[in-house]
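One-based numbering along the sequence shown. We use all heavy atoms of the structure for the numbers below, so side chains are in, but hydrogens, waters and symmetry mates are not.
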Amino acid sequence: MRAAAVVALLACRVGCVNLGHQGGWVRTAPRHEYGASCWLMKARYNCQNDTRSPPADAWAHVQNRATNATWRDFVGARGGHLAAARAHRRSANRTRTNVVLMGNSYLRQVFEAMACRWDATITAGLLQVRGPEMHIEDIAAQKRTSVADRGFRSLPFGDVARPSCHGNDAERYYALGVAPSVAGCNDNLAMVEFAKDLRAYFVFRPWSYEEDAIDVLRALDLKARDVDVLVCNEYCGLVAPPKRAFGLTTEEAVLGERRDAFRAALGRRSGDAGPTFVDFDRVRATLKAQMKRDVGHAYGATNAVLRDDNHPCLPGIPDDEVDILFSALADRGHAQRLGYVPAHKEEFWRAPPPEDARRATSTTKAPELKGRCGRAALAEEKKCNKKERCKWVFGSHACMSDCTLKNEEECDKKHHCTYNEKRGCKPKKHEAPSRGSFDGWDAAQALAEVQPDVDRLVAHCAARRTSFTNKVVAYADTRAKGPRNLALAVVALAQLLESGVVGAAARAAAYDEMMDLALLLNGTFVDMYGTVEEKSMRGWPFVIKGTTPEFDSYQGGHVAEAVALAAEQAAVAGARGTAASLAGAVAAFLHDGFLTGDPERTKVASPGVVVYVPDFSSDGRRARWAEHHGHTPIDCLGEPQALNHGLMAAQAGVALLRAHAAIDWDGARWAVADADGAPLGRETFVADLEAFVEASTKTLRRALKKKRTKAKAADRYEGPVGTAWYKWRYRDVSGCEAYAGSPIKDRWEDVGHSLYEAEYVAKVRALGARYYGSSKRFGLRRKHVRRLLVTCLNRLVRDRAAVGGARFACDVHGSVTNEKSCRLGRQESERHLYMPNHLALATAARDDPKARCDALSLVDVVLPLFLEGHADFHAHGPEGVGGICDKGSLISALIDAKYHFYWYEHGRAACLASSR
């Protein structure tokens, strides 16, 4: 912390903020800025029907009772509250001031007073709507709480009513009644934005979290380095009161670890002035003492339950504290500290942090494979047996792989084990993904090729932040379709971080941008009553038809995949709490819609088959769905949805399995329950999710019909005649007679949707290779990748000599005239924009010698269209590689292909020469 940025609010010299003996309370007219039922007020603070006269807000605190100048006058004379805060921005190019209040419930009241007084200027916000109680006795019982246990709701803004948020059991505190509070809503973790100029954040009792304060702030979409003003009491809430330690981290350890890490993250960086710290510790005590002196009592909250509570009324003292806080900021930090802050507390902020306290979020740490059981951390029976794929072997008194000592039959039952006669049963070796399939491929050269593209993509995502935020806020209010592009941007950045494409210099910026966007999405997670299911459902609902939100497998799957991939990257970066929180939200979404056995909730009719309403659901559910969608015939509701819809849910499952494998569960908490509140065991859940992905893969394999290339005009594959390829339909309507022959439902898969099948195959094999020791773990082999590559080259590539969309067909049949297949974005002028995603197949085949030339052929026909300076570059569409965050997955596929195949021209020429 910079020395000039510390502002004390007590015992100051002349000319600075002073709460000394000259200050006190004077009678004024009641301010009436808000009432006892303000939308954001913990119920116990209200003084509705309080008989004391005059009311609490008829008193104002003044600097000097001789002049009666209030703190609001002081702030107003210096430009007002927003201007006072604006002067403390860390750098001139910032467009918003971030003020963080951390500590106990006294600061909560200050935060709530700001929200109530300035309600008309609110432009954004996040409130907690899921999470445990934070009373001292609750924390004592559960030992620690976690960000993973919390969900958030975005605030509507403008001239609309804000949702009532008064905490649990609120109604009993209001003598005259109050609007019902949103279920579970509180401000233990919250943010409110005013006039797009100031964001106030509140973190209650951060000492009680498993995560450090850096990760807690991240849950509110705030990086520690972006904190402009930090307002604290009780050591910023980082230290548990010694008498309430409950066996938690000791005060000394917190001072030495959490303080150092948090302060290092907050600290000054090149190009900014560093944060301002405001010590608010004794303000409340001083104001209450002076009020008792001047008024006779302190207006403790008095309502239907409490009488003269230790917390003062709202409105009341906290409103003056708001003005006092901004007076301190308006004074521009000139207040001089005269030793009022205790020496040990001064040391809390002054001591230089050790070098190793700085967080290394830009450093990639490879997640541990599940089979590594012999490390020292598992050298105890209890710890060993808790670790997946490990077991304690008593004869050896050691922690070993659970493959050890298995016979051949038992060994073959475990996908991660392999058996041979000499070595017995052993863990399969991890297939590390190769970086390039060309003998001369060079990692440094590959990075140099794509680094400008990565930088452009990250910069464009950052530039789109306001637009993305507005979309998320609009989605949270209306649940209209819109967040998919944001989800695709998160997926793109996460995949690039995972693939090795992002160099060390750019990794921190890419990670931060990905995480910020993912947290925006995760903040829209809800637990709501499903109209069709007539039961509680969790996740990300969308309005598909009419005005009622529903839990759609396709739209919701996109968001869930993005959040899960961000969880994986958070785990890799060491942010276990954030990773577990994100993973928990996705787990709830997938369980309610796809893994549950509840016939009124699930969309899975048989293993791996996603439908709208299964036949075994109640007639009532089917009738409600049909009525809502105007759907006929009702009998077809139990037939499979479009192939890409079911695969999108499974793809979210693939991402969650990645996240689960990456998280160190020895240091993170699994807190997932079903929609009725029954806990879900982690191992059982993961086994169910693995089965869902495996079954979904089988559904895909059944849909792919094997063909062989022929010597005819429709087949354009350059390789040998008789090569296997796949052809498949957009949707399986074989069980619905009404859909048979429909040009909309019963048609060949089009280029805009075949990319989902291509990406799914690549992602499932990558999951197996990365975390399960075998790329074929879930049933997809190299032959499936090869045949899909041939499909692209045989039917989707139409004319290599053409430029832009004319180079490609509309569907896997090879048509360029089918009315549905060639509609909208699949028309000739736009069609090429779907082809980059198919490059995932080329990247997946890069280490397969039999598929090398086909992979290069696909790269050669797609990549040049997007390379600035290339003769084939097609200006209509993305601005070269990188630069359009809205087309995130398209851009990441191009970057990934360029990284692995920057040498494609040389390789393609070699393949053509060898075929002559």
Side-chain angles (χ1 to χ4, degrees), residues 7-36 38 41 45-81 83-84 106-107 109-118 231 233 278-303 307-331 334-335 338 340:
V7 182
L9 295 182
L10 297 169
C12 297
R13 292 195 178 99
V14 176
C16 69
V17 178
N18 186 351
L19 297 182
H21 66 278
Q22 292 180 319
W25 293 90
V26 297
R27 175 82 177 267
T28 65
R31 285 169 273 190
H32 296 312
E33 293 177 297
Y34 61 93
C38 168
M41 182 190 298
Y45 305 153
N46 93 86
C47 285
Q48 193 182 75
N49 205 33
D50 184 2
T51 58
R52 288 172 294 191
S53 182
D57 65 344
W59 296 91
H61 196 271
V62 297
Q63 297 185 62
N64 191 319
R65 284 177 291 175
T67 62
N68 282 356
T70 66
W71 295 106
R72 188 174 306 194
D73 297 334
F74 185 92
V75 178
R78 288 157 178 78
H81 296 80
Y106 291 163
L107 280 183
Q109 289 194 289
V110 177
F111 176 78
E112 291 180 353
M114 293 166 64
C116 291
R117 279 176 55 179
W118 302 335
V231 184
N233 62 12
V278 180
D279 175 37
F280 223 67
D281 211 17
R282 293 298 303 278
V283 173
R284 173 64 60 86
T286 301
L287 293 179
K288 288 178 68 175
Q290 292 181 344
M291 178 166 273
K292 288 180 178 179
R293 178 196 66 194
D294 300 335
V295 181
H297 55 83
Y299 281 95
T302 297
N303 47 55
R307 288 292 179 270
D308 206 22
D309 186 52
N310 193 43
H311 297 86
C313 291
L314 272 176
I317 288 179
D319 297 281
D320 293 88
E321 289 178 292
V322 171
D323 296 324
I324 290 168
L325 168 59
F326 284 86
S327 294
L329 298 179
D331 200 46
H334 296 309
L338 297 182
Y340 202 99

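- Separating the NE2 atom in His297 from the CE atom in Met291 is a distance of 8.0 Å, to the nearest 0.5 Å.
- Annotation: salt bridge (charged side-chain N to carboxylate O under 4.0 Å, His left out) contacts of Arg78 (sequence neighbours excluded): none.
- With sequence neighbours excluded, the residues that form a ring-ring contact (aromatic ring centres under 6.0 Å, His included) with Phe326 are His81, Trp118.
- Looking only at side-chain heavy atoms (C-beta outward), Gln48 and Asn303 stay at 4.5 Å or farther from each other.
- Rounded to the nearest 0.5 angstrom, Gln109 CD and Leu107 CG are separated by 10.0 Å.
- Under the salt bridge (charged side-chain N to carboxylate O under 4.0 Å, His left out) criterion, Glu321 pairs with Arg284, sequence neighbours left out.
- Arg52 pairs by the salt bridge (charged side-chain N to carboxylate O under 4.0 Å, His left out) definition with Asp50, Asp308, not counting sequence neighbours.
- The SG atom of Cys47 sits 8.5 Å away from the CE atom of Met41 when rounded to the nearest 0.5 Å.
- No hydrogens or angles considered: nothing links the side chains of Tyr34 and Asp57 as a donor-acceptor pair under 3.5 Å.
- What you find for Cys313 and Ala56 is that their closest heavy atoms are CB-CB, 3.9 Å.
- Formation of a donor-acceptor pair under 3.5 Å by the Thr302 side chain with backbone atoms of Gly300 is found in this model.
- Pairing each heavy atom of Asp319 with each of Ala113, the nearest pair is OD1-CB, 3.8 Å.
- With sequence neighbours left out, Asp320 forms a salt bridge (charged side-chain N to carboxylate O under 4.0 Å, His left out) with Arg31.
- Legend: residues meeting ring-ring contact (aromatic ring centres under 6.0 Å, His included) with Tyr106, ordered by chain and number and at least two apart, are His311.
- Contact annotation: the side chain of Val110 approaches that of Phe280 to within less than 4.5 Å [non-hydrogen atoms, C-beta and beyond].
- With values rounded to the nearest 0.5 angstrom, Leu314 atom CG is found 6.5 Å from Cys116 atom SG.
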Audit row: Asp323, Thr70, side-chain contact (heavy atoms from CB on, under 4.5 Å) steps and yes/no = CA-CA 9 Å; Asp323 296 324; Thr70 66; over 6 Å; no
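- Asn46 approaches Ala301 most closely through the heavy-atom pair O-CB, 4.3 Å.
- Between Pro318 and Pro312 the shortest heavy-atom distance is CD-CG, 4.0 Å.
- Residues Ile324 and Leu287 form a side-chain contact, since some pair of their non-hydrogen atoms from C-beta on lies under 4.5 Å apart.
- Shortest non-hydrogen contact noted between Pro315 and Ala36 is CD-N, 4.4 Å.
- Nearest heavy-atom pair, Gln290 versus Trp25, reported as atom, atom and distance to 0.1 Å: C-CD1, 3.6 Å.
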